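These notes are about the structure you will find just below.
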Amino acid sequence: MALPPGPRAPAVVNLARFALWPLQTLHAWRGRYGEAFTVRLTGFGTGVYVANPQAIKELFTGDQSDLHAGEANSFMEPVLGAHSVLVLDGEEHMRQRKLLLAPFGGARVEAARETIREVAEREFASWGVGERVVVRERMRRLTFEVICRVVFGVTERERVERLRERLVAVIDGSPIFMVVGAARKDLGPGSPGRTFKRRLAAADEVLEAEIEARRGEEDLEERTDVLSLLLRARDEQGEGMTTRELRDELFTMLAAGHETTATGLAFAFELLLRNPRVLGRLREELTAKDGDEYLDAVAKETLRLRPVIDGAERTLTAPRTLAGWELPAGTKVYPGIALVHTREDLYGDPHTFRPERFLEDGVESYSWIPFGGGIRRCIGAALAQAEMAEVLRVGIPALELTPVRERPDPVVLRGITLAPKHGVEVRVVRRLAPASRPVAELAA
Ligand code: HEM
């Protein structure tokens, strides 16, 4: 059994190219080696990229017993915890996943839209005319608050701030601690390992305090936030979740859900500002309140052209034939999300930002996969899309913005996400409409 050919450069060179120019590098590798190629990347090991929707469908559907995704994600365990749905496989994964799926269903997400709009109205009301704004940073603040309110059920500003301070300190400092085990070693006061331990303990303290406080709330039975629903949830054996399990899932949802969505939103602003025709049509449709089709298409087209995560990785636990290759057990397979999204045969003129394509053609299954697929498909996909739509619905008609930089922000690897290098810097030119509620009311 041989792996498909791929770049022969040392793993560290491949990683450097991928980190600095992820999209160009993937396209260059596909151009040279075809729909399946093997890449060695320092810190990630050796993996096979597949850019064929049929092969990806086979990977995401059918028998999953010989595929592990949690194993590949296990580098996140020191931060997310051993019970995190992201790092588990097999039955344990399904148990946690089933408990989490219900609170993220359609009805709950619809109910969250009003909260998202409220948070977005307050955010955009605070953008001053003439101000220079780094969109990704502001969107991170916004998506963090949405998770706090929708997932944790925490609305008081002070508690949101405390959670933000402690959790973001762990998340922002964690890539190195996740990948390099030695960096986590506590070598005494002042050592990076000690700092990591201290920050993690501080984050755990506030999370566990929220969980315990909620357990005791009188209105627990009526509450609709995800934490309350999880506290009431029971698995098939009638067992509820332990505090530790809840802590791990809350951390996971925050880590998986806030930066990703904020990055998707930053890309949406970038693409809209660089494509005045699309921006104009979106603004018109939002002002005329003419249905949401175009708005949803803008969010979809953004995630097609700028997928935030490119590695919905699976590890084979038994040999498998995929894309015509007999791959041995132990092989890591990466569905090439960005590569599938830019196939000429699936998307005409694939590098152009044209949301209309989602209204006209209907997209074939496994051609649009920004949220992965199968039994590991993103649990927050509907919430993330609702967030993108509601934030654009509030922000686009309210403000005229202009990009600060002459050229589009390059896409780089940031942690495990593909992100705009400078976070998309814009200047507020003028206010087109007042925020839909009086600013005084929003600031309260
Ligand atoms: C634009 C925003 C987002 C993107 C692009 C995104 C993308 C992804 C991708 C690609 C995966 C891996 C899927 C696979 O392996 O097949 C994933 C998994 C996951 N995502 Fe998201 N995500 C986003 C937002 C969110 C939000 C808002 C939440 C929750 C609040 C969330 C929670 C999760 C969880 C818990 C998993 C693990 C699922 C499992 O292993 O069973 N994500 N996401």
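This is a predicted model, so every value here is computed, not measured. Atoms within each ligand, like the ligands themselves, are counted from 1 in listed order. The figures here come from the full heavy-atom set of this structure, side chains too, leaving out hydrogens, waters and symmetry mates. Here, residue 1 is the first one in the sequence, and each next residue gets the next number.
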**OP:** Give the residue and atom name of whichever protein heavy atom lies nearest to atom 4 (C) of ligand 1, and the separation in Å to one decimal.
**Re:** F371 CE2, 3.5 Å

Subject >> Contact (N/O only, under 3.5 Å) between T260 and ligand 1 >> reply: no

Result block: side-chain N/O donor-acceptor pairs under 3.5 angstrom for residues 37-48, not counting sequence neighbours:
| from | atom 1 | to | atom 2 | distance (Å) |
| --- | --- | --- | --- | --- |
| T38 | OG1 | P4 | O | 2.5 |
| R40 | NH2 | A9 | O | 3.2 |
| T42 | OG1 | V12 | N | 3.1 |

Subject >> Distance filter under 4.0 Å to G372 heavy atoms, resulting ligand 1 atoms >> reply: 10 (C), 13 (C), 14 (C), 16 (O)

Original post:
Taking atom types as modelled and ignoring hydrogens, do the side chains of R108 and T224 form a donor-acceptor contact shorter than 3.5 angstrom?
Top reply: no

Original post:
Any chance the side chains of H258 and R140 put a donor and an acceptor closer than 3.5 Å?
Top reply: yes

Original post:
If we ignore angles and hydrogens, is there a donor and acceptor under 3.5 Å between the side chains of E387 and T143?
Top reply: no

Original post:
Taking the six-membered ring of Y347, is the NZ or CZ of R357 close enough (under 6.0 Å from the centre) and on axis enough (within 45°)?
Top reply: no

Original post:
For atom 37 (C) of ligand 1, what is the nearest protein heavy atom, given as residue, atom name and distance?
Top reply: L86 CD2, 3.6 Å

**OP:** Show which atoms of ligand 1 fall inside a sub-4.0 Å distance from at least one heavy-atom site of R97.
**Re:** 38 (C), 39 (C), 41 (O)

Original post:
Could an N or O of ligand 1 be found under 3.5 Å from any N or O of E387, whether backbone or side chain?
Top reply: no

Original post:
For ligand 1, which part of H258 has a heavy atom less than 4.0 Å away: the side chain, the backbone, both, or neither?
Top reply: neither

Original post:
Which is it for H93 and ligand 1 at heavy atoms under 4.0 Å: side chain, backbone, both or neither?
Top reply: side chain

**OP:** For ligand 1, note which part of I147 has a heavy atom under 4.0 Å away: side chain, backbone, both or neither.
**Re:** side chain

**OP:** Using a strict 4.0 Å cut-off to heavy atoms of I375, name the atoms of ligand 1 that fall inside it.
**Re:** 41 (O)

**OP:** May I ask you to check if ligand 1 and G373 share an N or O to N or O distance below 3.5 Å?
**Re:** yes

**OP:** Would you mind listing which atoms of ligand 1 come within a distance below 4.0 Å of any non-hydrogen atom of A384?
**Re:** 1 (C), 2 (C), 24 (C)

Original post:
Which residue and non-hydrogen atom of the protein lie closest to atom 26 (C) of ligand 1, and at what distance in Å?
Top reply: G257 CA, 3.3 Å

Subject >> Min heavy-atom dist G380 to ligand 1 below 4.0 Å >> reply: yes

Subject >> Min N/O separation R376 to ligand 1 under 3.5 Å >> reply: yes

Subject >> Within 6.0 angstrom of E222 CD, more than 12 heavy atoms from elsewhere >> reply: yes

Subject >> Residue, atom name and distance, where the atom is the protein heavy atom closest to atom 16 (O) of ligand 1 >> reply: R314 NH2, 2.8 Å

**OP:** Report, as yes or no, whether the 6.0 Å neighbourhood of atom CZ on R234 holds more than 12 heavy atoms from other residues, nucleotides or ligands.
**Re:** yes

**OP:** Any atoms of ligand 1 less than 4.0 Å from a non-hydrogen atom of A312? List them with their elements.
**Re:** 14 (C), 15 (O), 16 (O)

Original post:
Considering the options R306, R414, R136, which one meets the side-chain contact (heavy atoms from CB on, under 4.5 Å) requirement together with P420?
Top reply: R136

Original post:
Looking at F353, does the NZ or CZ of R274 lie under 6.0 angstrom from its six-membered ring centre and within 45 degrees of the ring axis?
Top reply: no

Original post:
Atoms of ligand 1 less than 4.0 Å from V85 heavy atoms?
Top reply: 35 (C), 40 (O), 41 (O)

Original post:
What protein heavy atom sits nearest atom 32 (C) of ligand 1, and how far off is it?
Top reply: A256 CB, 3.7 Å

Original post:
Does the pair R95/E92 count as a salt bridge with the N-to-O cut at 4.0 Å?
Top reply: no

**OP:** Give the numbers and elements of all ligand 1 atoms closer than 4.0 Å to a heavy atom of T261.
**Re:** 1 (C), 2 (C), 24 (C), 27 (C)

**OP:** Please report the shortest heavy-atom distance between R138 and S126, naming the atom on each side.
**Re:** NH2-OG, 3.4 Å

Original post:
Without hydrogens or angle criteria, can the side chains of T342 and H27 be said to hold a donor-acceptor pair below 3.5 Å?
Top reply: yes

**OP:** May I ask you to check whether R247 and T242 show a side-chain donor-acceptor distance below 3.5 Å?
**Re:** no

Subject >> E35 and Y49: side chain donor to acceptor below 3.5 Å >> reply: no

**OP:** With heavy atoms only and a cut-off of under 4.0 Å, state how C378 meets ligand 1: side chain, backbone, both or neither.
**Re:** both

Original post:
Which ligand 1 atoms does F104 reach within 4.0 Å, using its non-hydrogen atoms?
Top reply: 30 (C)

**OP:** Look at atom 5 (C) of ligand 1 and say which protein heavy atom is nearest, naming residue and atom and giving the distance to 0.1 Å.
**Re:** P370 O, 3.7 Å

